[in-house]
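Report on the following structure.
Just so we're on the same page: letters track the sequence lines, and every chain starts at 1. Values below: all heavy atoms of this structure, side chains included; hydrogens, waters and symmetry mates excluded. Here the structure is a predicted model, which means the values were calculated and not measured.
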There are 2 protein chains.
Amino acid sequence: MALSHAILVSLLDRPQTGYELAKRFERTVGFFWKASHQQIYQQLHKMAAQGLIDGETVAQAERPNRIVYALTADGQQALQEWVATPTAPPSVKEELLVKLFALGEAAPETLLRQIAARQGLHRERLAEYQALREQHYPQPSGLKPRQRGRYLGLRLGILLEQASLAWCAEALELVGALDEPAPRANENASDGDPPLAR
Amino acid sequence: MALSHAILVSLLDRPQTGYELAKRFERTVGFFWKASHQQIYQQLHKMAAQGLIDGETVAQAERPNRIVYALTADGQQALQEWVATPTAPPSVKEELLVKLFALGEAAPETLLRQIAARQGLHRERLAEYQALREQHYPQPSGLKPRQRGRYLGLRLGILLEQASLAWCAEALELVGALDEPAPRANENASDGDPPLAR
DNA sequence: GCTGCATATGCAACGATTGGCATAAAGCGG
DNA sequence: CCGCTTTATGCCAATCGTTGCATATGCAGC
């Protein structure tokens, strides 16, 4: 119910082929919505059948044909309607945190390694994002509307990476402390079911 | 490839019925991994067929029978192996950010409302999490291993909610500025494809 | 007494997503 | 000139996830 919308949004910029869409998904919209090329091609067929987009085949000399998709009036309307629809909270899939729930049953070293790996990832991304920000969005208040949306995406990326990094530091410390000095004994104490969230 | 693992982790605490698992998913593991009860029941059947868990039917007077599932040795081993496996980065599905990409094409007021709604959600959650933290995890360094995992989950929740709130404030300001004073003209300037991320 | 909620489990249909594979040609490096 | 990567599109199978529905009972509140 939403990959189609992400595609519509992307086509707003200009008509594109499936291949282009797939590549752009890796750089822009895809930061908030991942999709593989198979998924995109299939979705494009469906959307064309529904009349949301319109594909035009362009023959190319000595290259495979390309199919360039553009928004139809229906597609634009569908997009407008979707934007006006209340947004569901983001769905979460944080494997690492699920693993941490097994802490006490599993070797802490294994988890330490994975947290460190995660830390590296966040560091890389943060550096990337900050570079992009400096290059492309020097002063946000001067941006045109469409750029503001993109800037805000980047901004959320930066804030979340920073928060994640702070968490990694805490986690390394807290899990690391288990490794060497402690006796790691006696886990089954009284507590009925110490809740966490939601 | 991971709901089964989340269930295994949850069964680590104690044997549980599908119903209990579904309810706990709303409070604990489910913060990082959502699942509906239908999904859980189906998964339980599969896992029982694979020998990862073992279900025992308990007849109850004047209540539907319950099926209590417990980890088998195979299940425990599968869990250990999974924990030792490198963790994939979390998958993201942030609908709101996709919508922001349509900024300039769509009415800013609509988006403002949705950002405000999101802000409310984050505020609520943050308050919840902080209350839980104060109640259950007064001093993290004194926690037993298993509690540390849970504490870290809560901690990440708090950090991410705070970051999200900071973002909401920025977003409201930047999108709100579009609403009243500006002429909102001329969007199609030079820029080829200002990238964002990844 | 009716309504709604909580307990407790499940099926069926559909849609979303992933992974493997296939085709086809151009350009690049060794 | 051989193999690798890039461009460009697609099928198929399997799994994962969501929505709607069904069943059965007990308890609390109106």
Side-chain angles (χ1 to χ4, degrees), chain A residues 1-8 15-27 29-30 32-50 52-53 55-69 78 82 85 88-95 98, chain B residues 1-8 15-27 29-30 32-50 52-53 55-69 82 88-95 98:
Chain A
M1 298 254 121
L3 172 57
S4 61
H5 298 122
I7 291 176
L8 291 176
Q16 285 166 87
T17 66
Y19 190 80
E20 287 172 315
L21 281 165
K23 299 215 72 182
R24 276 189 92 219
F25 260 65
E26 282 168 22
R27 302 203 312 345
V29 202
F32 327 110
W33 208 280
K34 309 274 174 209
S36 61
H37 75 102
Q38 293 92 333
Q39 220 185 135
I40 288 173
Y41 282 122
Q42 273 175 252
Q43 199 64 39
L44 285 172
H45 288 304
K46 249 184 246 176
M47 291 165 71
Q50 287 166 15
L52 300 175
I53 57 175
E56 193 188 348
T57 304
V58 179
Q60 297 189 112
E62 321 191 351
R63 280 280 166 144
N65 288 347
R66 317 163 81 227
I67 307 174
V68 181
Y69 292 95
W82 172 70
T85 285
S91 79
V92 193
K93 300 263 140 139
E94 241 302 12
E95 211 175 302
V98 179
Chain B
M1 301 261 121
L3 172 56
S4 61
H5 297 122
I7 291 176
L8 290 177
Q16 285 166 88
T17 67
Y19 190 80
E20 287 172 315
L21 281 164
K23 299 214 72 184
R24 278 189 90 218
F25 259 65
E26 282 169 21
R27 302 203 312 340
V29 202
F32 327 109
W33 209 279
K34 309 274 174 210
S36 61
H37 80 263
Q38 291 92 335
Q39 218 186 138
I40 288 173
Y41 283 122
Q42 274 174 250
Q43 198 64 37
L44 285 172
H45 288 304
K46 246 183 250 176
M47 291 165 72
Q50 288 166 16
L52 301 176
I53 57 175
E56 193 188 348
T57 303
V58 178
Q60 298 188 112
E62 319 190 352
R63 281 280 166 146
N65 289 347
R66 315 163 81 227
I67 307 173
V68 181
Y69 291 95
W82 173 70
S91 79
V92 193
K93 300 262 138 140
E94 243 299 15
E95 210 174 302
V98 178

Inset, instruction - To the nearest Å, give me how far apart CZ (B:Arg24) and P (C:dA8) are. - result: 15 Å
Inset, instruction - Calculate the interatomic distance between B:Leu3 atom CG and C:dT18 atom P; express it in whole Å. - result: 16 Å
Legend entry - Heavy-atom closest pair, residues A:Ser4 and A:Met47: O-CE, 3.4 Å
Inset, instruction - Provide the closest heavy-atom pair for A:Ala22 versus A:Ile40 in the form atom of the first, atom of the second, distance. - result: CA-CD1, 3.5 Å
Inset, instruction - Using whole Å, report how far OH of A:Tyr41 lies from C1' of C:dT17. - result: 17 Å
Inset, instruction - Starting at atom CD of B:Gln16, determine the distance to atom P of C:dA8, rounded to an integer number of angstrom. - result: 12 Å
Legend entry - Lys/Arg N to Asp/Glu carboxylate O, A:Glu26 vs A:Lys34, below 4.0 Å: no
Legend entry - Non-neighbouring partners of B:Tyr41 that pass ring-ring contact (aromatic ring centres under 6.0 Å, His included), sequence neighbours left out: B:His37
Inset, instruction - Compare side-chain N and O positions of B:Lys23 against OP1 and OP2 of C:dT7 and report whether any pair is under 4.0 Å apart. - result: yes
Listed pairs, N/O of protein and of nucleotides 18-22 of chain D, under 3.5 Å:
from	atom 1	to	atom 2	distance (Å)
D:dT18	OP2	B:Gln39	NE2	3.2
D:dG20	O6	B:Gln38	NE2	3.3

Legend entry - Separation of C:dA16 P from A:Ile40 CD1 (nearest whole Å): 14 Å
Inset, instruction - Measure the CH2-CD distance between B:Trp33 and A:Glu95 for me, rounded to the nearest 0.5 Å. - result: 5.5 Å
Inset, instruction - Nearest whole angstrom, please: distance from the P of C:dA25 to the OH of A:Tyr19. - result: 17 Å
Legend entry - Nearest-angstrom distance from the residue atom CD1 of B:Ile67 to P of C:dG10: 4 Å
Legend entry - A:Val98: which of B:Val29, B:Leu3, B:Leu8, B:Ile7 passes side-chain contact (heavy atoms from CB on, under 4.5 Å): B:Val29
Legend entry - Gap between atoms CG and P, on B:Leu21 and C:dA8 respectively (whole Å): 13 Å
